[in-house]
Amino acid sequence: MVYLLLIILYVICLISYFEEELGDNKWYVYWGVGVVLILMAAFRPLGIDNDSETYDMYFANYDTPLYEGFVEFSFLFLAEIFYNAFGDVHSIFLFYALFGVSLKFVAIRRLTPLAFLAVAIYLGHYYILHELTQIRAGIASGFFLLSIKPLAEGRRLAAAAYMAAALFFHYSSAVLFPLLLLSNKEMTQKVRLCWASIVPVGFLMYFLHLGISTIPLPFIGEKLELYDMLKEEGTFDEINVFNAVFLVKNVMFLYFLYMYDTVKSENPYFPLMLKIMGLSIFSYLALSSIPIVAMRVSELLGIVDIILFTCLYYTVRPSWLSRAMVLSISLVYLYLNLFHEPILKID
């Protein structure tokens, strides 16, 4: 599977340099890559990732009350259907892969003309993280990415519908609904400075241990307390807010704020996605006292990075260099996910 991922990424990198020459023919390759990614995720061997064997257990024991608190009702409902129809966990993997990949491919085409650069970023990180591991979050993040366009256009009801669909597949998507208060309005220089300030504010909260878990909230507060107790028992590792990937993301966020006028003229949805990127960074810091929550929320909001990182292309010339820079980010992500802190198990 690792070699196949590398081959697909090579094809994507190659096509990204010839998108204009290929014209509409590039979409045949685009959707062909999508089909291959769906099949890879659906029929991956059990145990190649961290979660597939656990999902196999949930799948075979869908009617066990104990698991109702661990996965959404939607998964257990689908597990009952697919277990009785096929008896093989790969059947439900196919369902989640089909929607997880397809939703993102549709959203990418709607949100950027740099489709292959976006798929490269997706393949290097979120495909492995979601479609090959956190499959419930994979569908949720796909619906969220689809909500960006209607939300930016002021169609909040349509955006809310996508978010509700995301919530059906993963409860962490409840954090998306406050985003309905955001707009895609032009960001003045003062507004950009305010958004830039959330980075130092987030780090200040981290150092002073002023995370959101200290706020007494009904139900949610109880869940946060449970996660906090599990962390103290050593179930979760501490978050390292100074890891290279997160620091680079901070730099990219501030860089895009600085290059706002250049990018905004190329991507009409840029202001909204930039705000969401900032909230992804802030949530990682503000929720760092409960690592699993911080990572899940930050990763869900961070799905916009698939589109935003491609915007580097608009800020650097010559174009071959800017493409190379975006593709390099994808390669670094892929290396980290496969070899440095491997999400997939490699023999």
Worked check of side-chain contact (heavy atoms from CB on, under 4.5 Å) between Glu299 and Tyr126: CA-CA 9 Å; Glu299 287 165 356; Tyr126 274 98; 4.3 Å; yes

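- At least one donor-acceptor pair closer than 3.5 Å links the side chain of Ser141 to the backbone N or O of Gly138.
- No side-chain heavy atom of Glu131 sits under 4.5 Å from any side-chain heavy atom of Met40.
- The minimum heavy-atom distance linking Leu254 with Ala196 is given by the pair CD2-CB, 4.0 Å.
- For the residue pair Leu300 and Ala140, the shortest heavy atom distance occurs at CD1-C, 4.4 Å.
- One N or O on the side chain of Ser283 and one on the backbone of Leu279 form a donor-acceptor pair closer than 3.5 Å.
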Would Phe93 and Phe82 satisfy side-chain contact (heavy atoms from CB on, under 4.5 Å), going step by step from the backbone distance to the final call? CA-CA 10 Å; Phe93 284 171; Phe82 284 102; over 6 Å; no

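- Note that Arg317 lies in the cation-pi zone of Tyr313, set by a 6.0 Å cut-off to the ring centre and a 45° limit from the axis.
- In this structure, the side chains of Ile38 and Leu94 come closer than 4.5 Å at one or more pairs of heavy atoms.
- Proximity of a side-chain donor or acceptor of Tyr127 to a complementary backbone N or O of Leu37 within less than 3.5 Å is detected.
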Using the ring pair (Phe, Tyr, Trp, His ring centres under 6.0 Å) rule, take Phe246 and Phe242 through it: C-alpha gap first, then chi angles, then the decisive distance, then the call. CA-CA 7 Å; Phe246 183 65; Phe242 297 104; 8.7 Å; no

Give the C-alpha distance, both sets of side-chain angles, the deciding distance and a yes or no for ring pair (Phe, Tyr, Trp, His ring centres under 6.0 Å) between Tyr30 and Phe105. CA-CA 8 Å; Tyr30 181 78; Phe105 268 58; 4.7 Å; yes

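- Judged purely by atom type and a 3.5 angstrom limit, Asn267 uses its side chain to pair as donor or acceptor with the backbone of Leu111.
- In this structure, Val316 is a member of the same hydrophobic cluster as Met259, with clusters built from ILVMFWY side-chain heavy atoms closer than 4.5 Å.
- Comment: Glu20 engages Arg323 in a salt bridge, judged by a side-chain N to carboxylate O separation of less than 4.0 angstrom.
- Between Ile8 and Val11, every side-chain heavy-atom pair lies at or beyond the 4.5 Å cut-off.
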Could you walk me through whether Tyr260 and Leu257 satisfy the side-chain contact (heavy atoms from CB on, under 4.5 Å) test, starting with their C-alpha distance in whole Å, then the side-chain angles of each, then the deciding distance to 0.1 Å, before giving a yes or no? CA-CA 5 Å; Tyr260 173 84; Leu257 284 171; 5.7 Å; no

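- In the hydrophobic clustering of ILVMFWY residues, with side-chain heavy atoms under 4.5 Å counting as a link, Leu193 and Leu182 come out apart.
- With rounding to the nearest 0.5 Å, the separation of CD1 in Ile198 from CE in Met205 is 11.0 Å.
- A continuous path of ILVMFWY side-chain contacts below 4.5 Å connects Val199 to Phe207, so both sit in one hydrophobic cluster.
- With a 4.5 Å cut-off on side-chain heavy atoms, Asn25 and Tyr28 count as touching.
- No side-chain heavy atom of Cys194 sits less than 4.5 Å from a side-chain heavy atom of Met187.
- Counting heavy atoms from C-beta outward, Ile148 and Tyr162 have side chains that stay 4.5 Å or more apart.
- Dense packing is recorded around OH of Tyr255, with more than 12 heavy atoms of other residues, nucleotides or ligands lying under 6.0 Å away.
- Here the OG1 atom belonging to Thr262 is positioned 11.0 Å from the CZ atom belonging to Phe256, to the nearest 0.5 angstrom.
- A donor-acceptor pair shorter than 3.5 Å cannot be found between the side chains of Tyr96 and Gln134.
- Between Tyr83 and Phe59, the ring planes are perpendicular. Angles over 60° get that label, and only those under 30° would be called parallel.
- The environment of Phe253 atom CZ is dense: over 12 non-hydrogen atoms of other residues, nucleotides or ligands sit within 6.0 angstrom.
- In this structure, Met277 and Phe309 have side chains that are in contact, with non-hydrogen atoms separated by less than 4.5 Å.
- One finds the CD1 atom of Ile276 at 8.5 Å from the CG atom of Leu308 (value rounded to the nearest 0.5 Å).
- Asn84 contributes a side-chain N or O that, together with a main-chain N or O of Glu80, makes up a donor-acceptor pair within less than 3.5 Å.
- For Leu157, the CG atom is loosely surrounded, since the number of other residues' heavy atoms within 6.0 Å does not exceed 12.
- In this structure the side chain of Trp27 reaches within 4.5 angstrom of the side chain of Arg109, judged on heavy atoms.
- Ring geometry for Phe75 versus Tyr55: interplanar angle of 30 to 60°, hence tilted.
- Here the CD1-CZ distance, from Ile135 to Arg44, works out to 6.0 Å after rounding to the nearest 0.5 Å.
- A pairwise comparison of heavy atoms in Ser16 and Cys13 identifies OG-O, 2.6 Å as the closest pair.
- For the residue pair Phe270 and Cys311, the shortest heavy atom distance occurs at CD1-SG, 4.3 Å.
- In this structure, Ser298 and Ser280 approach most closely via the heavy-atom pair O-OG, 2.8 Å.
- Annotation: the span from Phe169 atom CZ to Phe143 atom CZ amounts to 5.5 Å, rounded to 0.5 Å.
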Carefully, step by step, assess Leu103 and Leu145 under the rule side-chain contact (heavy atoms from CB on, under 4.5 Å). CA-CA 8 Å; Leu103 291 172; Leu145 204 57; over 6 Å; no

Counting only pairs under 3.5 Å, give me each side-chain donor-acceptor contact of residues 327-334, with atom names and distances, residues two or more places apart or in other chains.
| unit_1 | atom_1 | unit_2 | atom_2 | d |
| --- | --- | --- | --- | --- |
| Ser328 | OG | Ala324 | O | 2.7 |
| Ser330 | OG | Ala120 | O | 2.5 |

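- Judged purely by atom type and a 3.5 angstrom limit, Tyr17 uses its side chain to pair as donor or acceptor with the backbone of Trp320.
- Side chain of Ser74 to main chain of Phe168: a donor-acceptor pair is present (N/O by atom type, distance under 3.5 Å, no hydrogens or angles).
- No single ILVMFWY cluster, assembled from side-chain heavy atoms under 4.5 Å apart, contains both Tyr206 and Val251.
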Check against side chain to side chain donor-acceptor pair (under 3.5 Å), Asp88 and Ser91: CA-CA 6 Å; Asp88 187 341; Ser91 60; 5.9 Å; no

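- The CD1 atom of Ile139 lies 11.5 Å from the NE2 atom of His130; values are rounded to the nearest 0.5 Å.
- Between the Lys104 side chain and the Gly100 main chain, a donor and an acceptor come within less than 3.5 Å of each other.
- A donor-acceptor distance shorter than 3.5 angstrom exists from the side chain of Thr133 to the backbone of Ile128, with no hydrogens or angles considered.
- A donor-acceptor pair under 3.5 Å links the side-chain atoms of Asn184 to the main chain of Pro268, judged by distance alone.
- Using a 30° and 60° split on the angle between ring planes, Tyr335 and Phe339 fall in the tilted class, from 30° to 60°.
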Distance-only donor-acceptor hits, side chain of residues 172-180, under 3.5 Å, sequence neighbours excluded:
| unit_1 | atom_1 | unit_2 | atom_2 | d |
| --- | --- | --- | --- | --- |
| Ser172 | OG | His170 | ND1 | 2.8 |
| Ser173 | OG | Ala166 | O | 3.3 |
| Ser173 | OG | His170 | O | 3.1 |

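- No hydrogens or angles considered: nothing links the side chains of Tyr171 and Arg296 as a donor-acceptor pair under 3.5 Å.
- With a 6.0 Å radius and a threshold of 12 heavy atoms from other residues, nucleotides or ligands, Glu186 has its CD atom above the threshold.
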